[in-house]
Number of protein chains: 2
Amino acid sequence: MIEVLPQFNSTFSIDCILFGFDEGELKVLLIERNEEPFKDWWALPGNLVSENESLDQSASRILHELTGIENVYMEQFYTFGDVGRHPQGRIISVAYYAMLRLGGDKALKPISNYAKQAYWINVKELPKLAFDHQKIFDQGLEKIKRRIKHQPIAFELLPEKFTLTQLQNVYEVILGKKLDKRNFRKKMLSFNVLKDLNEKQKGVSFRAATLYRFDKRKYGKLFGKEISF
Amino acid sequence: MIEVLPQFNSTFSIDCILFGFDEGELKVLLIERNEEPFKDWWALPGNLVSENESLDQSASRILHELTGIENVYMEQFYTFGDVGRHPQGRIISVAYYAMLRLGGDKALKPISNYAKQAYWINVKELPKLAFDHQKIFDQGLEKIKRRIKHQPIAFELLPEKFTLTQLQNVYEVILGKKLDKRNFRKKMLSFNVLKDLNEKQKGVSFRAATLYRFDKRKYGKLFGKEISF
DNA sequence: AATATACCGTGTATATATTACACTAAGTAA
DNA sequence: TTACTTAGTGTAATATATACACGGTATATT
């Protein structure tokens, strides 16, 4: 640990990867920067950590300032500290990710002054990113790929009520491969974390599917269980 | 990312969890602090990150200064940044762990001035630790428990030549449970990462066991494979 | 009303992986 | 020679994972 008082000024920031799922595509929230350095470049949303907040609090604050969204669980996944990663000095960035429900009320709040605008971008069509954000993004995407295999985080991307086909789509898009419908359903239902709502989709052409809800009470039992798709 | 220049002075440190395996016990390297704050307390070895080094470089340097050991792979696992974690100001700590071969030439180099001495302590007999180091340690131990199930990091704790029984002991100590000998050997050998050296243990009472070596060339194939013990 | 469309929802057989379980072989020490 | 201690081995039962195809049903169209 720290043995002497700080010998040089340094600062840390938070960068957030916000994943969303919309129209069958995995998306990420990017901002278009309005300040130097990297003015006019695309970047992950982020900000400096304030003196009086923990890293987790800071991540939540930044998410809230950008999107108006609260009470979302964000997970820290890696800290980036290469010497030259920021042109203005020694700034270390702690990276977080979160998975959000899009749709309906998800319109983004006006962004604070440092960004022109924020957009949800398909992860397969990313523009060139500022700083080392491409590296941060790649590592975050790898992280959720691994995590989705072990924990049911895919629900966080869907509306509260969803069909099994929608859930399968999320897995397929994140894992980048097709899954067998019967095997997927068999396995997913075997975990007993889905509650059948005895309710059908509305407003769809063609036959409506059954809606399910994620059952939080049963979630604990699943934790740590090995899932493979 | 960072939008404005740093608004307050802050600093980051590295804390290292160095695991070792000796006499059938999992051990961790602790130092006895020689400076305030927490003078005379036990702590994880750590230090401030210098201006001209990356986090990974800093972790390697700190390990080298403490133990004389070089070329060990250290892995970052979490960053701790609660507001009150350090009594002297806002210091965020990036935590790393490494697994070391003890035995023979592993004597520790004289420790730099900030510590009285460093000792290998059985993880089951930890003293009270300075700062939030108990929390850091707990999280690091959890990390290697999960990781040992997926990747063959247990080898790093053993001498270059080892027996299957020694390897099984490492797994048992880290996982905290007994494993079946036949199933363990069957599975471990099935990964094809062990090279049979056609050589026996020396200097043991009773029957000597076959020595194996970890085969790095074959390691890649195993990566990501699900292992369960 | 009849028909076409497109998605929903289901089962079985095979292969693979995991678990449970106990004795003989080999080397050392006295 | 005997007693002791650890090494080293196989099989059967169970559980999990994979591969694979078609009839059912609500909607849209004519």
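Note that these values count all heavy atoms, side chains included, but never hydrogens, waters or copies made by symmetry. Keep in mind that what you see is a predicted model, and the values were worked out from it rather than measured. Chain A is the first sequence line, chain B the second, and so forth, proteins listed ahead of strands; every chain is numbered from 1.
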* Parallel, tilted or perpendicular for A/Phe77 and A/Tyr97, by the 30°/60° rule? -> tilted

* Between A/Leu167 (CG) and C/dC8 (C1'), how many Å, whole number? -> 15 Å

* Base, sugar-phosphate alone, or nothing: which one does A/Thr165 contact when heavy atoms must sit under 4.0 Å apart? -> sugar-phosphate

* Tell me whether the centres of the aromatic rings in B/Phe80 and B/Tyr78 are closer together than 6.0 Å. => yes

* **Candidate nucleotides C/dA25, C/dA20, C/dG9, ranked by approach to the side chain of B/Arg207 - the nearest** => C/dA25

* Heavy atoms under 4.0 Å, any strand shown: does B/Lys181 hit a base, just sugar-phosphate, or nothing? -> base

* Asked: Under 4.0 Å between a side-chain N/O of A/Lys187 and OP1 or OP2 of D/dA17, yes or no?
  -> yes

* Asked: Counting only N and O atoms by type, is there a donor-acceptor contact under 3.5 Å from the side chain of B/Glu70 to the main-chain atoms of B/His64?
  -> no

* Could you state the CE-P distance from A/Met188 to D/dT16, rounded to the nearest angstrom? -> 16 Å

* Asked: Are the aromatic ring centres of A/Trp41 and A/Phe131 under 6.0 angstrom apart?
  -> no

* Let me know the distance between CG of B/Asp180 and P of D/dT9, rounded to the nearest Å. => 14 Å

* Does A/Val204 or B/Arg185 map to a spot on DNA chain D nearer the 5' end, using the closest nucleotide for each? -> B/Arg185

* Structure fact -> Of the candidates C/dT19, D/dC20, C/dC21, the side chain of A/Asn183 sits closest to D/dC20

* Please tell me which of the listed nucleotides, C/dT10, C/dT28, D/dA19, lies nearest to the side chain of B/Phe206? => C/dT28

* Structure fact -> B/Gln201 atom CD is separated from C/dT28 atom C1', nearest whole Å, by 13 Å

* So, B/Gln76 side chain and B/Asp56 main chain: donor-acceptor pair closer than 3.5 Å or not? -> no

* Structure fact -> Quick note, B/Arg182 side chain, CB onward, closest among C/dT5, D/dT9, D/dT25 is D/dT9

* Identify which nucleotide among D/dC20, D/dA7, C/dC8 has an atom closest to any side-chain atom of B/Ala209, counting heavy atoms from C-beta outward. => D/dA7

* Give one of base, sugar-phosphate or nothing for A/Thr210, where a contact means two heavy atoms less than 4.0 Å apart. => sugar-phosphate

* Closest listed nucleotide, where the reference is the side chain of B/Lys186 and the choices are C/dG9, D/dT11, C/dT12 -> D/dT11

